[in-house]
Enquirer: 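The structure's right below; bear with me while I get my questions together.
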Amino acid sequence: MTREFAFIDALRAIAVNPAARGLADDAAVLELGGQKLVLTMDTLVEGVHFLPDDPPEDVAWKLVAVNASDLAAKGAEPLGCLKSHALGDEDWDRAFLAGLDLACRHFRVPLLGGDTVRMPPGSARSFSLTALGRGPEDRPVPSRSGARPGDLVWVSGAIGDSGLGLELLTSGSRVQTPEATLLANRYRRPMPEPSLGVALAPLATAMMDVSDGLLVDARRMAMASKVAIRIAADEVPLSRALVATVGDGLEQRIAAMTAGDDYVLLFTAPAVNSALVHAAATCAGSRVHP
């Protein structure tokens, strides 16, 4: 991870265009004649971001979903996507395409083009997708850096389901109960909501998606905003499936807050907006502090 951060720091010396936002946000924002074009790209690598035996339909779904999540974090309406595909087993690729079609339709991110490449035999599968969205016309695109002292901290969904789902799938135990099946599905098929991001963007001072764990991503937002963010562990929303599977103690809550791949929205908003936000999110911490 340290090497990755060092590499990104080196890239910042190259990515000097204002649209890059200093490589410190979920997406780039390019101004084009008064319109805001939001661009994001994610890569999934076998053995790193998905399990070798994950169904190809689910891998395709996740690839689209993680990009849709980035658009949601910017309050952007999806416009389309470009895809890079490493060709492999023909049957696997055919099933992947079925999942890709389903995910593109679900998230309303039409496929516009891309590239295919052949990989050396035995190579890990790797796929990239670039998503494009239309940002709000009458206000700035939300960033990680807008949190202000006095704001409340909110999350738009349950925390920790995906991480526990991955743990169940890799533990060797069979996924048998309805709760375990739901958790595994949360890992394999994230469900971000771009329309929710569009609705919340006017109410938020800072917004990002939770991809690397609530505590890690809250720290990133705090650093970008130059404030302190405190998360109240007992206020973080957990799903019934997670609680039924592992319980609701502090240890379980810390595990949930440090797990990744939730793909819900983390945002700050002034207290005056609480009544408008409350129906779509849960307050997960005390006020933002200087």
Side-chain angles (χ1 to χ4, degrees), residues 1 4-5 8 12 15 19-29 36 38-43 49 62 65-78 107 131-133 135-136 139-149 151-163 190-231 236-237 256-270 273 277 280-285 287-289:
M1 186 65 74
E4 179 184 359
F5 289 156
I8 293 172
R12 289 192 174 100
R21 293 189 158 194
L23 301 185
D25 211 344
D26 296 275
V29 181
K36 302 181 184 71
V38 178
L39 306 97
T40 184
M41 186 184 80
D42 274 288
T43 300
H49 304 102
K62 191 170 189 177
V66 298
N67 281 273
S69 183
D70 283 339
L71 294 182
K74 301 301 102 187
E77 175 190 352
F107 293 109
L132 302 89
R139 59 187 179 276
V141 174
S143 71
R144 300 179 181 182
S145 60
R148 302 186 299 241
D151 285 349
L152 297 178
V153 183
W154 301 81
V155 290
S156 68
I159 297 297
D161 282 2
S162 179
M191 292 294 290
E193 300 179 73
S195 60
L196 180 60
V198 172
L200 290 174
L203 306 172
T205 52
M207 188 157 67
M208 63 184 295
D209 70 338
V210 178
S211 57
D212 292 326
L214 177 61
L215 295 186
V216 169
D217 289 322
R219 182 175 184 270
R220 288 171 175 161
M221 180 179 285
M223 292 179 65
S225 299
K226 298 180 181 179
V227 296
I229 292 179
R230 296 177 183 173
I231 302 294
V236 172
M257 291 188 292
T258 53
D261 290 351
D262 287 312
Y263 299 108
V264 298
L265 296 174
L266 166 68
F267 63 99
T268 57
N273 289 344
V277 170
T282 299
C283 188
R287 297 178 188 272
V288 174
H289 299 270

Enquirer: Is there a donor-acceptor pair closer than 3.5 Å between any side-chain N or O of Asp262 and the backbone N or O of Gly160?
Expert: yes
Enquirer: With a 6.0 Å cut-off (strictly less than), is the heavy-atom count around CZ of Arg12, excluding the residue itself, greater than 12?
Expert: yes
Enquirer: Between the main-chain N or O of His49 and the side-chain N or O of Lys62, is there a donor-acceptor pair closer than 3.5 Å?
Expert: yes
Enquirer: Any side-chain heavy-atom pair from Phe267 and Leu200 closer than 4.5 angstrom?
Expert: yes
Enquirer: Does the Asp209 side chain pair with the main chain of Val264, one donor and one acceptor, at a distance under 3.5 Å?
Expert: no
Enquirer: Check for a donor-acceptor pair, side chain of Lys74 on one end and backbone N or O of Met207 on the other, with a separation under 3.5 Å.
Expert: yes
Enquirer: Using a 3.5 Å distance criterion without hydrogens, assess whether the side chain of Thr40 forms a donor-acceptor pair with backbone atoms of Asp26.
Expert: yes
Enquirer: I'd like to know if the side chain of Ser225 and the backbone of Met221 have a donor-acceptor N/O pair within less than 3.5 Å.
Expert: yes
Enquirer: Is a side-chain donor-acceptor pair under 3.5 Å present for Thr205 with Asp151?
Expert: yes
Enquirer: Does a sphere of radius 6.0 Å around CZ in Arg21 hold more than 12 heavy atoms from other residues, nucleotides or ligands, not counting ones at 6.0 Å or beyond?
Expert: yes
Enquirer: Between Thr282 (side chain only) and Ala284 (backbone N and O only), is there a donor and an acceptor less than 3.5 Å apart?
Expert: no
Enquirer: Any carboxylate oxygen within less than 4.0 angstrom of a Lys/Arg side-chain nitrogen, looking at Asp217 and Arg144?
Expert: no
